[in-house]
Amino acid sequence: MTALKVENLAKTFQLKKPLFRATPPGVRAVRPMSFDVAAGETLGVVGESGCGKSTLARMLVGLLEPSAGRIEIAGRALDNADPEEFGKLIQYVFQDPTSSLNPRKTIRQIIEAPLKRLYKMPKEKREARISEIFDSVNLREEFLDRYPHEFSGGQAQRIGIARALAANPEIIILDEPVSALDVSVQAQVLNLMEVLKAEFGLTYLFITHDLAVVEAVSDRILVLYFGAVVEVGRADSIFANPRHPYTKLLADSAPVVGRPLTAPEQKGSELPDPLNPPTGCAFAGRCPRATDLCRKTDPVLEKMGDDQFAACHHPL
Amino acid sequence: MTAFLKLLFRNQLAALGAVVLGIIIVAVLLTPVLPLQDPNVTATADRFLKPLAEGHLLGTDHLGRDMLSRLLHGTLLSLGVGVAAALLAALIGSAIGIVAGYVGGRTDNFVMRGVDMLMAFPYILLALAIVAALGPGLMNALIAVAAVNIPFFARNIRGVTVSLAGREFIDAARLSGMSHTRIVLTELLPNVLPVIIIAMSTTIGWMILETAGLSFLGLGSQPPQADLGSMLGEARSALITYPHVSVIPGVMIFLIVMSVNLLGDGLRDALDPRLRSGALSRPRATTLVDRQGEVPEATDDLLAIQELQTQFHVGPRIYRAVGGVSLAVKPGECLGLIGESGSGKSVTALSVMGLVSSPPGVITGGAVRFQGKDLIGARYEALRRMRGDRVAYIFQDPLSTLHPLYRVGDQLAEAIRSHHKVGKDEARKRAVQLFNDVRIPNAQNRIDNYPHEMSGGMRQRVGIAMALANDPDVIIADEPTTALDVTVQAQILSLLNDLRRDRGLAIVFITHDFGVVAQLCDRIAVMYAGRIVEEGPTNAVLERPAHPYTKRLIACVPELGGGRRELAAIRGLPPVVDDLPPGCAFAPRCDKAQPDCKKGEIPLDGAGTRAVRCLYPEADLTRDEEATA
Ligand SMILES: Nc1ncnc2c1ncn2[C@@H]1O[C@H](COP(=O)(O)OP(=O)(O)OP(=O)(O)O)[C@@H](O)[C@H]1O
Ligand code: SF4
Ligand code: SF4
Ligand SMILES: [Mg+2]
């Protein structure tokens, strides 16, 4: 079963028209991309800052209107960017746990909101449901009447997860859910999410820039570069056998105990400029295998071995 | 609430304002029940009686009306109108500001242009124009004063709303199914309310004054009704002959505006979160030093931190952020400092050059020696000369060290010129050289960029170039790569590594990433709750950690290539450093804890190059030492 299906989804941010000049072409934050997530799967999404991870996520939950393409969740097409409609099917866990909780509301008010607004649940039922959810995320019920600043990062993130669960969604998007947390707490939260996934039959989209974390929690991994999918593959093999040169660069750059320190990339290579995008493969400026073909035509995603797709003219 | 009042009245001027205003308000509220004469009854026979005349405590005016009665009634009216105008301005202005800030886009643009246009007029002209259009009268004066103050509120509140509307909790509220109206009312409003109150408390005094001004010109309250402004206006003609008639309302206006403004400023300061933690004083240029006990002897290390203790004194609580830390580096050496958030890594680093903000920070013990010379308690001039020149910092957020309004190259040249007497051209040449050193491509042009024109990775490289500008002997890097992408991080780490090989630079590298430490550092020290719990050569510690905390922490870090798996975690949280348990601070989370772990001080014991602060270590350090020997 497919929980989430994305077809040719794209987002271009229009820039302001300068006085006396033509409107600039706009920033193509997400270039047309298609992928599926199976029910019960965890799909990891990795890429460097600015590659469009958060724009993609915000379109998927309806906070941002796509410029093109369609989104289908559990067989229903949703493309009107209405968070109220999306909210019952797909929810979001934010990167910064404290800034995602309103400092002037109690935890109870925060978790109650989806039950009240999305499901119009009466009071007694809400109470029961909240204690059930709080129990699932291992928080004590006495926390319900406190304010967000009284919690540590790890606790606040569990409250954020509880709020997402309260909407009873099919899919949860986790946008860097542990990067603001300490390593000792990071593991607590990641393990809890694994348990919740089984308990509530969830599907996850896990966005991060930490390769080791994404590998540890995902079934499949999607590598984004400059707004486009450059490689998709199984989590246990993609970094060991990358086909796209960018995936290999990522894997080689990750600091690993016992590997000597080297800069895997040539000195002086520069990232592509979103306002003035290069023609052809966006990675060509940094790629050791780049040829004239790469600089002319944009490669498309092609199947390369079982379960692995890469967008490259000269794959590894 | 009582804490808030205490904070408010610690400001003596605010307290004075509150007392004066309180007396005025009580007097005014009692006016209807006091046995006063009718303020509007004229008695031409008793014109211009001096104060203390019989039956007229404050004398009479040009129509023989009782001044005391008129003053109190007038004050009531002036205060009432001022407060009403302030409420009206705050209500409408804030509503405009919140809506413009939340909706954004074209609406925002349109509304704010209009507000800018209104603000471009001198406000008194605008008020006069409004009254001229509406006709004189107290009500119209009220409307005019409120109207000219609306732009001020709209502008302030919009600014706050824009920054709040970008916060994630607003997105979360939308995903919880809340409508826009509900979000504005229940998510935004409670958060902007303090700002509205501050804006009101600082403007209400001026609004009272502005209303009085309009009445003074005869455009506000109409005779015989008294308000402070019209009393002053009517007394104008007798200013020289009978000064008391104008001095009395004048003093009242002065008292009201002064007390309201003093109280308003006090309120603003008390509501300011920056002041809530510290005293009302400005931060000092160097950290306060109040050293107890012996100062340790000098060693021959390049930089030695010895038994350093740094505390934060917040109210009655004492946070022992650094509780006796000793560390040392030699030229060309890199020391990794590892620990969880709040373990005191940054405070240790900042204490070296007296950069911990005081208040609330105080260095209470130990020494920091650079080439044997103690830096703690050194004079500000001496420290300033060394900051950046001999010991330089790289911070996690490069924007914190770069000024947004100056070109990066100029800032770099300035950093060089503040420590060395070189010409402008010379400094610029050196800046280009440094940009090349930190591998900023196209250095000649990049040097003229403003900070915001560079990507995060580029800015961090500029931060490193700044740190290298004066060829320091030591660099203290506080999580310089945590916010960067892995590919950029790899470049910066290899750059730092080259520098210490080439220039003999000593590095103290603060991080919580074992992968980074393993690749860059010769030795590591692990911190927990303000103390070093383990220290030793990198490989030895990573392969055979001796402290249970180190071992568990290493297990928590997922490593690339491990496949899908459950991750190890440490249950519980690090202790808060204002109430540390006796004995081992890790005991509540430790599997091996025994009753004696929770008794007295546990020393940092070791053999050779390794040391551990634990009664039941995971590895036998003496054996370890023999094996390597
Ligand atoms: N200005 C301050 N006022 C009061 N307490 C402070 C202040 N700055 C730091 N502290 C406290 O000092 C302790 C150590 O903080 P420090 O910033 O050194 O931790 P850290 O190890 O660098 O953490 P991180 O990994 O989050 O950067 C913490 O308990 C912190 O709350
Ligand atoms: S298409 Fe060419 S430039 Fe792009 S990644 Fe492949 S080899 Fe490199
Ligand atoms: S001293 Fe005791 S409680 Fe502390 S780490 Fe060692 S064994 Fe654990
Ligand atoms: Mg820190």
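We name chains A, B, ... by the order of the sequence lines, and we start the count at 1 in each one. Note that this is a predicted model, so its numbers are computed, not measured.
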K.L.:
Return the option, out of A/Val189, A/Asp236, A/Leu101, with the maximum number of heavy-atom pairs under 4.5 Å with chain B.
P.N.:
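Sorted descending by pairs with chain B, the first entry is A/Leu101.
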K.L.:
Less than 4.5 Å to any heavy atom of chain A: does that hold for the side chain of B/Ala568, its backbone, both, or neither?
P.N.:
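Backbone only.
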K.L.:
Pick one of side chain, backbone, both or neither for A/Asn102, based on which atoms fall under 4.5 Å of a heavy atom in chain B.
P.N.:
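Both backbone and side chain.
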K.L.:
Does the B/Glu559 side chain pair with the main chain of A/Ala212, one donor and one acceptor, at a distance under 3.5 Å?
P.N.:
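Checked: no pair found.
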K.L.:
If every non-hydrogen atom of B/Arg571 is compared with every non-hydrogen atom of A/Gln188, which pair is closest and at what distance?
P.N.:
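Nearest pair, atom of B/Arg571 first, then A/Gln188: CA-NE2, 3.6 Å.
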K.L.:
Taking atom types as modelled, find out whether A/Ser184 and B/Glu340 have a side-chain donor-acceptor pair closer than 3.5 angstrom.
P.N.:
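Per modelled atom types, A/Ser184 and B/Glu340 side chains form a pair under 3.5 Å.
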K.L.:
Between A/Asp96 and B/Arg167, does any side-chain N to carboxylate O distance fall below 4.0 Å?
P.N.:
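No salt bridge links A/Asp96 with B/Arg167.
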K.L.:
Of the backbone (N, CA, C, O) and the side chain (C-beta and beyond), which part of A/Ala240 lies under 4.5 Å from a heavy atom of chain B, both, or neither?
P.N.:
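Contact with chain B is absent: no heavy atom of A/Ala240 under 4.5 Å.
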K.L.:
What part of B/Arg589 lies closer than 4.5 angstrom to a heavy atom of chain A: side chain, backbone, both or neither?
P.N.:
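Just the side chain, heavy atoms under 4.5 Å.
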K.L.:
Which region of A/Ala216, side chain (C-beta onward) or backbone (N, CA, C, O), has a non-hydrogen atom less than 4.5 Å from a non-hydrogen atom of chain B, or is it both or neither?
P.N.:
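Answer is both: backbone and side chain atoms of A/Ala216 are under 4.5 Å from chain B.
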K.L.:
Please classify the contact of A/Asp210 with chain B as side chain, backbone, both or neither, using a heavy-atom distance under 4.5 Å.
P.N.:
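Nothing of A/Asp210, per the 4.5 Å heavy-atom cut-off to chain B.
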K.L.:
Given heavy-atom pairs under 4.5 angstrom as the criterion, report whether the side chain, backbone, both or neither of A/Glu215 touches chain B.
P.N.:
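Both the backbone and the side chain of A/Glu215 come within 4.5 Å of chain B.
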K.L.:
Less than 4.5 Å to any heavy atom of chain B: does that hold for the side chain of A/Ser218, its backbone, both, or neither?
P.N.:
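Contact with chain B involves the backbone of A/Ser218 alone.
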K.L.:
At a heavy-atom separation under 4.5 Å, does B/Thr538 approach chain A through its side chain, its backbone, both, or neither?
P.N.:
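Answer is neither: B/Thr538 stays 4.5 Å or more from chain A.
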K.L.:
Under a 4.5 Å heavy-atom cut-off, does chain B meet the side chain of A/Ala235, its backbone, both or neither?
P.N.:
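No part of A/Ala235 comes within 4.5 Å of chain B.
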K.L.:
Does any backbone or side-chain atom of B/Asp513 lie under 4.5 Å from a heavy atom of chain A? Answer side chain, backbone, both or neither.
P.N.:
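When you check distances to chain A, only side chain atoms of B/Asp513 fall under 4.5 Å.
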K.L.:
Which atom names give the shortest non-hydrogen contact between A/Arg104 and B/Pro190, and what distance separates them?
P.N.:
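Closest approach of A/Arg104 to B/Pro190: CD-O, 3.1 Å.
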K.L.:
Which heavy atom of B/Ser176 sits nearest to which heavy atom of A/Arg117, and what is that distance?
P.N.:
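Shortest heavy-atom contact: O-CB, 3.2 Å.
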